[in-house]
Amino acid sequence: MIIPLLVTACSGPLSILDPAGTAAAETAPLWWGMFGFFTLVLFAVVLAFVYAVRRTPRSHTEPGPDTSESDTPQLQRQHQVWIVGGGIVLPVATIVTLLVFGIPAGNRMAGVGIDPDQALHIEVTGYQWWWEVRYPNLSLTLRDEVHIPAGVPVRLHLTSADVIHSFWVPRIGQKLDMIPGHVNELLLQADAPGIYPGVCAEFCGLAHAHMKFSLHVHSPEDFAAWQTAQQPGAAE
Amino acid sequence: MNDFQQPDQNRHDRDQELHRGLMAIWSNLPGWGSLSAVNHTTVGVRFMVTGAVFFLIGGVLAMLMRSQLALPDNTLIDAALYNQLFTMHGTVMMFLFAIPVLEGLGIYMVPKMTGTRDLLFPRIGAFGYYCYLFGGIIIMYSLFAGIAPDAGWFMYTPLSDAEFSPGRGSDFWLLGITFVEISAVSAGVELTVSILRGRAPGMTLTRMPIFCWSILAMSLMIVFGFPPLILASILLELERAASMPFFNVAAGGDPLLWQHLFWLFGHPEVYIIYLPAAGVVSTLIPVFARRPLVGYGWVVFSIVLMAFISFAIWAHHMFTVGIPVAAQAFFSIASMLVAIPTGIQVFSWLATLWSGRVVFALPMLWIFGFLVIFVCGGLTGVMLALVPFNWQVHDTHFVVAHMHYVLVGGMFFPMMAGLYYWLPLFSGRMPSENLGRWGFWLTFGGFNMTFLLMHLTGLLGMPRRVYTYESGLGWDWLNLLSSVGGFVMAAGIAVIIIDIAMHFRFGRKAPQNPWQADTLEWALEAPPPPYNFISIPSVSSRHPLWDNRNLAQEIAAGEHAMADFEHGRREVPYTSGLDARPQSIVHLPGNSWIPLQAATVMAVLCICLLTRWYLLAAVTAVISGVMLLRWSCFNGAHPQSAPVNDKRADDLQLHSRTLDGPGIRGMKVTIMADATLYLCLLFGWIYFWISPDRPLPDQMPLDVSVMVACSLFVLLANLSYLTAVRRAKAGMGTGLEYRLWLTCAFGLLHCISLAWILVFSPLQFTTLTHDALIMFAILYLMFHSVLALFLTLIQIQRYRAGYVSELLPYEFLVLAPWWIYTTVIAWSVLIIFAGLPMLWPIG
């Protein structure tokens, strides 16, 4: 009963836990793995604290202190174990594990190994507060709509005409900033046809909350048909 | 019978006499006169109380935001106001609450913990406070006038520049915050020098309380961490007001330079806030476990390590701007490494509790809250350091949740623990356990309800800084519950305020050292007298009050050092840095109006710059310069301070009669901050040169021969000054004044040639970033040269008045580093700003 509830709670049109693209599918399991392990760490630390405090409580009036002279060599060794174990071994092991999973995932998301020339090329420019979407090969310009085929990588060149914006379709993949004077390249690949909402993720002024767009993912055949339909001279 | 009582009676009389004598010297003036107070207890409390007021204002802003976000498509607050609210909430909490309160705590507590009577630069502390107060009022005015900054507390360009934020909002932020930062940097310098050189005899660095270590780390981090933001703010304000294009793409600038400079400050800032709070935790846990901290050395090591790492991880706020993959990997791993020093601290606390027997009083409840929230925030921090995950959740509510876990957990909760812990010292009364527990659980519960759920809101894709959202995205119930939680937390804070207000009246009298603590502040009577200690104890361990149960009585009875007042001076010990051997006695200035006057004039300057009355601004700038220079006139052998014929009875000399003293150290630490600012400017210059396709002028705008002449003049001035200093140190009075005049002559030639360069070089500083950067470098150099010239003239005047001489060369030594630094900048401007374009030929 809890699992369906969790699944419903985690789905949503902008949920990164409900991936519909290769990049988003890399990060969702990273999240669940870290969430599970770190919850254990948190509980262990809090329990250790509560136990330590309750073990042999002392009343306000009881005199102290127990000075360091009473620390036996055995106790001092225990302290070393605490600090070295909890302060060095645990974090280092955690970091190494995270990197073992994280670095390959990051490389796959950044599109290392994909030949960028093969991918469909789209140029997106941010304006306050809308998106200009250009298909250089099709000499086509759209507003607040991106159309791509499913199942193949797409190359987006992102820049801005005014302030900094950020291009993000949470269910498909990572966000990337659009910065005046810079062109950032984002590789995205959607799994299945559908319409996926996208948002501006960098604060860009008054209407930032309303700066949205939609990513239309077509099956390869539909995308070809869409392309033809967009050509000048195509049926009215 | 009477014979037995007689010695006691005498002793009591002597105690009272010492108390009255010291009070006459150390008390603030009555009534309005207390505005001239420079005493660290007064200044520290003022910082903390003002900070608490700003905390409440920032909290109200947060409540307004949570009201707006409680429901989808809510129309309570519009976008224009919401943008001001979140910008101001972040700004107020960071700059007007967190940093000043921690500085205030450091200023209040450090001398008490290190067994001395005051910090070493009391007037700087008071001056910093007034800058903070006036800057805070100026910024708050913009909110009530409805023209508050609205480009986010991070002020990213181009959104914050003149084109996209044409109103005055960004100017309020840039000028107001820079004004407030004067207080941060001055407190940083004051605390650094005071901790390193003002401890009680015998308190070696390894015997220093952990809290002082963490305040030392905080102070040094302020000294190195704030200059990048100060520079960035000045550059952006110049871009807005004087059209000098430092970040404008068309002129060759880059908005990312702002982000680098901002986070070069902004990340150390997080640890500037966390480290003192962790120091409070490390202070309280051993007291309540009634045993020494386990792994004192480890904890000191982790504080130092954290301070260093925090300067190498700024770009983890910039993983989505498109920096190279290798750089992302470096910053990712460096950010994760923070888990090591944090882990060391957490586990040394756990081990301390484990091997002690714990009194679970109210402060410990707040420590418990700290541990739960901060560890959770630290763990989500490690998640965020993992680049692929960061790409997804960056700039969502997940980050909002993480950041509040770290900052509220890492700063607010320990500060509350510290507040309840030190309250009996401050007021002499005990707070109520009952109301306090209510306050804690409401705050703790409300906080987690607000922010634990917010992690999920972020994972469901809700971006930050949106004033509204539509229904049906799965965010509705989460936002509603977060808002309810926010109000529960606010109720908790209200209970705490009531508790503290009531305790002043109804709290039972606190016994001496109610928690049986080990550190020296608990040897004071409560509330502490302005002079702190009647006599200055010698420290022989980390736990002076545990080793000697009678120490408080001995101190009060004047059985330790410096129990004299007949000289009428405010005196504190000056000790060596590592092992705290007594070196001299510092005579401190007493109550002074100069800090208030100088800060007032500078507030007027700030307002003139805001309203763009530049003529008046120039006049006020000159007046404030005069006020600040006048400051130093009452030092040393001046009749108001310590006239030449003043001598001490014991073998220690007054510091102004020696070759070392706080002034020299303060000058060096100030130059470290100044040099950091200059290094950031060089960073901007090199960043410009490695950027692709930057527009360049057709020809080199600087005349190199004049630049070389200019640099030679300052070198000659410097050499002549150093010769004068060397002769003065050797006790040779002949030719001293002549050499000082020679220094001024060369300095004047240097300034004239610099002015010539400024006026006659074809610098297109409003159209080219290249020329704007050169212009700024020359202005920066000129500021130092002119100041060096005036400071030397003041030394000549003081030499003639007999306050400085070959017998009293101390002040000459204070000025020497400034001349050396000015020369270094002059030559580096020549080599790097004039030379680099020649290596990289233009055209």
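Chain identifiers are assigned alphabetically (A, B, ...) following the order of the sequence lines, protein sequences preceding nucleic acid strands; residue numbering begins at 1 within each chain.
- Interface remark: Val287(B) contributes no atoms to any contact with chain A (heavy atom separation under 4.5 Å).
- By number of non-hydrogen pairs under 4.5 angstrom with chain B, the leading residue of Ile179(A), Thr56(A), Val46(A) is Thr56(A).
- Thr320(B) contributes no side-chain N or O that, together with a main-chain N or O of Trp391(B), makes up a donor-acceptor pair within less than 3.5 Å.
- With a 4.5 Å cut-off on non-hydrogen atoms, Asp150(B) touches chain A through its backbone but not through its side chain.
- Ring pair Trp31(A)/Phe398(B) is perpendicular by interplanar angle, where above 60° counts as perpendicular and below 30° as parallel.
- In this structure, the portion of Phe154(B) lying under 4.5 Å from any heavy atom of chain A is its side chain and not its backbone.
- Most heavy-atom pairs under 4.5 Å with chain A: of the set Val387(B), Val375(B), Leu386(B), this distinction falls to Leu386(B).
- Of the possible polar contacts, none joining the Ser214(A) side chain to the Ile195(A) backbone as a donor-acceptor pair under 3.5 Å is found.
- Only the side chain of Trp475(B) comes within less than 4.5 Å of a heavy atom of chain A; its backbone N, CA, C and O stay farther away.
- No other option in Ala339(B), Ala351(B), Gly474(B), Pro463(B) has as many heavy-atom pairs under 4.5 Å with chain A as Ala351(B).
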Under the side chain to side chain contact (heavy atoms under 4.5 Å, CB included) criterion, do Val294(B) and Ser355(B) qualify, and how do the steps go?
CA-CA 9 Å; Val294(B) 169; Ser355(B) 54; 3.8 Å; yes

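- Only the side chain of Tyr156(B) comes within contact range of chain A, with at least one heavy atom under 4.5 Å from a heavy atom of that chain.
- Taking the ring centroids of Phe49(A) and Trp354(B), they lie at or beyond the 6.0 Å cut-off.
- The ring-ring contact (aromatic ring centres under 6.0 Å, His included) test applied to His208(A) returns Phe203(A), not counting sequence neighbours.
- Both the backbone and the side chain of Glu202(A) come within less than 4.5 Å of a heavy atom of chain B.
- If you measure heavy-atom distances from Thr396(B) to chain A, the contacts under 4.5 Å come from the side chain alone.
- For the options Thr468(B), Val249(B), Asp395(B), heavy-atom pairs under 4.5 Å to chain A are most numerous at Asp395(B).
- When heavy atoms are compared at a cutoff of 4.5 Å, Gln78(A) does not approach chain B at all.
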List the steps and the verdict of side chain to side chain contact (heavy atoms under 4.5 Å, CB included) for Val199(A) and Met211(A).
CA-CA 6 Å; Val199(A) 294; Met211(A) 186 168 165; over 6 Å; no

Show your working on ring pair (Phe, Tyr, Trp, His ring centres under 6.0 Å) between Phe213(A) and Trp168(A) and close with a plain yes or no.
CA-CA 9 Å; Phe213(A) 65 96; Trp168(A) 189 34; over 10 Å; no

Take Phe167(A) and Leu176(A) through the side chain to side chain contact (heavy atoms under 4.5 Å, CB included) test and state the conclusion after the steps.
CA-CA 5 Å; Phe167(A) 181 97; Leu176(A) 193 58; 5.5 Å; no

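- Tyr469(B) does not touch chain A: none of its heavy atoms, backbone or side chain, sits under 4.5 Å away.
- Checked against salt bridge (charged side-chain N to carboxylate O under 4.0 Å, His left out), Glu163(B) has no partners two or more places apart in sequence or in another chain.
- Ring to ring, His210(A) and Tyr467(B) are close: their centroids are under 6.0 angstrom apart.
- Listed options Met364(B), Gln328(B), Met336(B), Met318(B) were ranked by heavy-atom pairs under 4.5 angstrom with chain A; first place goes to Met336(B).
- Ranked by heavy-atom pairs under 4.5 Å with chain B, the list Cys204(A), Ala110(A), Ala23(A) is led by Cys204(A).
- Contacts between Asp18(A) and chain B at a heavy-atom distance below 4.5 Å are absent for every atom of the residue.
- Remark: side-chain polar atoms of Thr87(B) are paired, donor with acceptor, to backbone N or O of Gly152(B) under 3.5 angstrom.
- Residue with the most contacts toward chain B among Gly85(A), Gly205(A), Ala105(A), Gly12(A): Gly205(A) (heavy-atom pairs, distance under 4.5 Å).
- His402(B) places a side-chain N or O within 3.5 Å of a backbone atom of Gly377(B) that can act as its donor or acceptor partner.
- The part of Leu30(A) that comes within reach of chain B is its side chain, from C-beta onward, which places non-hydrogen atoms under 4.5 angstrom from that chain.
- Between Glu470(B) and Lys212(A), at least one side-chain nitrogen of the basic residue sits less than 4.0 Å from a carboxylate oxygen of the acidic one, meeting the salt-bridge criterion.
- Although no hydrogens or angles enter the test, the distance criterion places a donor-acceptor pair under 3.5 Å between the side chain of Asn513(B) and the main chain of Ala517(B).
- With a 4.5 angstrom heavy-atom cutoff, Gln259(B) touches chain A only via side-chain atoms.
- Between chain A and the options His455(B), Arg542(B), Gln392(B), the largest number of non-hydrogen pairs under 4.5 Å is found for Gln392(B).
- The choice from Ser160(A), Cys200(A), Gly173(A), Ser166(A) that makes the most heavy-atom pairs within less than 4.5 Å of chain B is Gly173(A).
- Your options are Leu371(B), Asn83(B), Thr380(B), and the one with the most heavy-atom pairs under 4.5 Å with chain A is Asn83(B).
- For Leu256(B), the part sitting under 4.5 Å from any heavy atom of chain A is the side chain, from C-beta outward, and nothing else.
- Contact count against chain B (heavy-atom pairs under 4.5 Å) is highest for Gly86(A) among Ala209(A), Gly86(A), Pro13(A).
- Ranked by heavy-atom pairs shorter than 4.5 Å toward chain B, the options Leu98(A), Asp162(A), Leu17(A), Val41(A) are led by Asp162(A).
- Within the 4.5 angstrom heavy-atom criterion, only side-chain atoms of Val84(A), from C-beta onward, approach chain B.
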